[in-house]
Amino acid sequence: MVRPIALALALAATGALGAQAPAGPLDWNALRTEILDRYRALVRIDSTPGRETLVVDYLKQVLEAEGIPTQTFALDPARANLVARLKGNGSKRPLLILAHTDVVPVQREKWPVDPFGAELKDGCIWGRGTKDDKPVLAANLMTMLLLKRRGVMLDRDVIFLAESGEEADTTGVGINFVVREHFDAIDAEFAMTEGGGATISGSRVSRVNIGTAEKLPTRARLVATGTAGHGSVPRLDNPLLRLAAALDKVGRWQTPMRLNDTTRTYFERLAAISPPDRAAVYRTLLDPKAAPAALANAQKVLQEKEPGSYSMLRTSIVPTILKAGVGANVIPSEAEATLDIRSLPGEDIERFYAQMTEIIGDPAVKVVPIPPSRPPSPASRIDTEMYRVLESVARRMNPGTAVMPSMSTGASDQAQLRARGIQSYGVGPASTEEDALNYPAHGDVERLAESSLYPFVEYVWNVVHEVAAQK
């Protein structure tokens, strides 16, 4: 196996790092070898939490070999963050392109290939991080290299951030550290990172989602208390029974439905491309005069058929962990459940906790908030120059495709950027629905079709060039 840094030096020695002529349109076919090599080099780095500096070492070598200076910021030396900047004329505020370097752990026995081998098989690159988040990292890296090689004159600085700890940052080594201690190094008008994607149907991209909002983790614990005793003597105040009753009430609670600009536009555009029966469901959600029974039925359809879309409608509550008891013959004095609460942007979470307490209606069951790891953040606007370019490039590269803003039901490090006023947008490579289901990010096995890698890099380049280059 060729080690990533050795590969960078080898490419430099053979002239591949400067092979692209500065004038004329880019020859994307000629760039495929380098794109694939860069991407595979990143996938081959085992950058599970605590090993992110290995990626920074590789990126630093590649960027500085091309004359792009870098800065390294590290709260933990093993989990460094890297920043690079290409200067513009300052007529517009900077554009930040970022990706995280860490990947989730693997269970090697579940993989048919080496999870850090970046093996090419069945038209795909296999390995941990092939979807989350090495494609975005590779596309951002290639964009920086091409901007530098071609001497592109810029109206705004283009800032590259490779950040650690997005998947696991209990000590705040990644975006929290960079935003808190080095925000001046990444402050920008716009940002682009993970959080979007595209769907392949048949042989074409049928839909492109641009991430403009996300729900916020606002988890809590339900703690039920009662009297401890022997298991042979039933008690009415058994905390497990109290907790079970509380969970049943919370599980049946239909939290209020609320649309924002992103989700309203999302369902409008989804209705325009959907079969008549499903389009009717989406339009019912959008109709402020819909009868309560029709609205309830539409939401039920989504809950059963499209749980992800259903979650976009409201602040959601999902019990994920139960904890109680010390023995089969002991009634415990306490039982608790962890609730994964994902709040809509703008949710008054203290009021929400109070409403949940009223729904439970049992003074022996307390709602105990878990401090959030991300700040509340508004949705990014869909009337900005950046969003317009993201949409227009997607349509130009994929004629006839439906392009729509989307709200992630998960969470990302865009929250910290949006909270500081940076309009942040999510992108991602295209995948078939089958591949997204069977080989997802964080799944037992992860892979990306090689044919999806090249157009994604081209998409990122086109967006950055149109937003940042001098007109």
Side-chain angles (χ1 to χ4, degrees), residues 88 91-99 135-136 139-140 143 154-161 186-199 205-216 259-273 286 312 344-346 377-430 455-471:
S91 61
K92 295 181 178 180
R93 293 184 61 209
L95 167 63
L96 173 66
I97 55 176
L98 69 149
V136 179
N140 291 350
T143 296
L154 301 170
D155 279 337
R156 57 174 98 231
D157 293 4
V158 177
I159 306 169
F160 172 95
L161 169 62
I186 64 166
D187 189 12
E189 181 177 8
F190 302 124
M192 181 170 64
T193 184
E194 65 172 340
T199 302
V205 173
S206 59
R207 190 167 95 185
V208 176
N209 289 347
I210 300 167
T212 57
E214 62 187 48
K215 298 175 80 173
L216 176 70
L259 297 174
N260 54 39
D261 287 347
T262 288
T263 52
R264 188 174 294 106
T265 304
Y266 174 83
F267 285 113
E268 286 172 352
R269 296 186 181 177
L270 201 55
I273 62 170
L286 296 165
M312 292 171 64
L344 292 175
S377 62
S380 294
R381 288 162 42 201
I382 58 177
D383 61 353
T384 63
E385 177 190 3
M386 183 74 184
Y387 183 80
R388 286 193 293 269
V389 170
L390 286 160
E391 273 207 349
S392 65
V393 171
R395 289 196 174 99
R396 187 173 72 239
M397 292 182 63
N398 306 283
T401 192
V403 184
M404 58 193 72
S406 64
M407 181 174 71
S408 172
T409 57
S412 76
D413 287 347
Q414 291 186 77
Q416 287 88 333
L417 302 177
R418 291 184 178 124
R420 292 297 296 264
I422 298 176
Q423 297 292 309
S424 186
Y425 301 93
V427 296
F456 177 63
V457 175
E458 183 179 354
Y459 176 73
V460 169
W461 159 265
N462 286 335
V463 169
V464 172
H465 192 273
E466 291 195 23
V467 170
Q470 288 185 18
K471 303 296 186 288

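What you are looking at is a predicted structure, and each value in this text was computed from that prediction instead of being measured.
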**Student:** Can a donor-acceptor pair be found, under 3.5 Å and without considering hydrogens, that links the side chain of Ser424 to the backbone of Arg418?
**Tutor:** no
**Student:** Do side-chain atoms of Tyr459 reach the backbone of Gly428 as a donor and acceptor pair under 3.5 angstrom?
**Tutor:** no
**Student:** Rounded to the nearest 0.5 Å, how far apart are CG of Leu417 and CG of Asp187?
**Tutor:** 10.0 Å
**Student:** Is a side-chain donor or acceptor of Arg269 paired with a backbone partner of Val403 at a separation under 3.5 angstrom?
**Tutor:** yes
**Student:** Looking only at non-hydrogen atoms, find the nearest pair between Val460 and Ala139 and report the distance.
**Tutor:** CG2-CB, 3.8 Å
**Student:** Could you check whether any side-chain N or O of Lys471 sits under 3.5 Å from a backbone N or O of Glu466, counting only pairs where one atom can act as donor and the other as acceptor?
**Tutor:** yes
**Student:** Regarding Arg381 and Asp261, does a basic nitrogen lie under 4.0 Å from an acidic carboxylate oxygen?
**Tutor:** no
**Student:** Atom CG of Asp383 and atom CZ of Arg388: how far apart are they, to the nearest 0.5 Å?
**Tutor:** 7.0 Å
**Student:** At their closest point, which heavy atom of Ala419 faces which heavy atom of Ser377, and how far apart are they?
**Tutor:** N-CB, 3.9 Å
**Student:** I'd like to check Ile382 versus Glu391 (side-chain heavy atoms, cut-off strictly below 4.5 Å). Are they in contact?
**Tutor:** no
**Student:** When rounded to the nearest 0.5 angstrom, what is the spacing between CD in Glu194 and CG in Asn140?
**Tutor:** 11.0 Å
**Student:** Please tell me if the side chains of Leu270 and Arg207 come closer than 4.5 Å, counting only heavy atoms from C-beta onward.
**Tutor:** yes
**Student:** Do you know which two heavy atoms are closest between Ala379 and Pro345, and how far apart they sit?
**Tutor:** N-CB, 4.3 Å
**Student:** Would you say Lys215 and Leu344 make side-chain contact, with heavy atoms under 4.5 Å?
**Tutor:** yes
**Student:** Any donor and acceptor pair, going by atom type alone, linking the side chain of Thr401 with main-chain N or O of Ser206 inside 3.5 Å?
**Tutor:** yes
**Student:** So, does Arg156 use its side chain to make a donor-acceptor pair with the main chain of Gly88 at under 3.5 Å?
**Tutor:** no
**Student:** So Met397 and Val205, side chain to side chain contact (heavy atoms under 4.5 Å, CB included) or not? Walk me through it.
**Tutor:** CA-CA 9 Å; Met397 292 182 63; Val205 173; over 6 Å; no
**Student:** Between Leu286 and Arg264, does the side chain to side chain contact (heavy atoms under 4.5 Å, CB included) criterion hold? Intermediate values first, please.
**Tutor:** CA-CA 7 Å; Leu286 296 165; Arg264 188 174 294 106; 3.7 Å; yes
**Student:** For the residue pair Asn260 and Thr263, confirm or rule out a side-chain donor-acceptor distance under 3.5 Å.
**Tutor:** yes
**Student:** Between the side chain of Asp155 and the main-chain N/O of Ser91, is any donor-acceptor distance below 3.5 Å?
**Tutor:** no
**Student:** Can you name the closest pair of heavy atoms from Ala188 and Ile422 and give their distance?
**Tutor:** O-CG1, 3.3 Å
**Student:** Can you name the closest pair of heavy atoms from Ser408 and Gly410 and give their distance?
**Tutor:** OG-N, 3.0 Å
**Student:** Do Glu189 and Thr384 come close enough that some side-chain heavy atom pair is under 4.5 Å?
**Tutor:** no
**Student:** Roughly how far apart are Tyr425 OH and Thr193 OG1, rounded to 0.5 Å?
**Tutor:** 14.0 Å
**Student:** Can you tell me how far CD1 of Ile186 sits from CG of Asp157, rounded to the nearest 0.5 angstrom?
**Tutor:** 13.5 Å
**Student:** Please check if the side chain of Gln414 supplies one atom and the backbone of Thr212 the other of a donor-acceptor pair under 3.5 Å.
**Tutor:** no
**Student:** Consider side-chain contact (heavy atoms from CB on, under 4.5 Å). Of Ile97, Val467, Thr143, which one does Val158 pass it with?
**Tutor:** Ile97
**Student:** To the nearest 0.5 angstrom, please state how far the NZ atom of Lys92 sits from the CG atom of Leu154.
**Tutor:** 11.0 Å
**Student:** Can Ser412 and Glu214 be counted as having a side-chain donor-acceptor contact under 3.5 angstrom?
**Tutor:** yes
**Student:** Nearest heavy-atom pair of Pro135 and Phe456: which atoms, and what distance?
**Tutor:** O-CE2, 3.6 Å
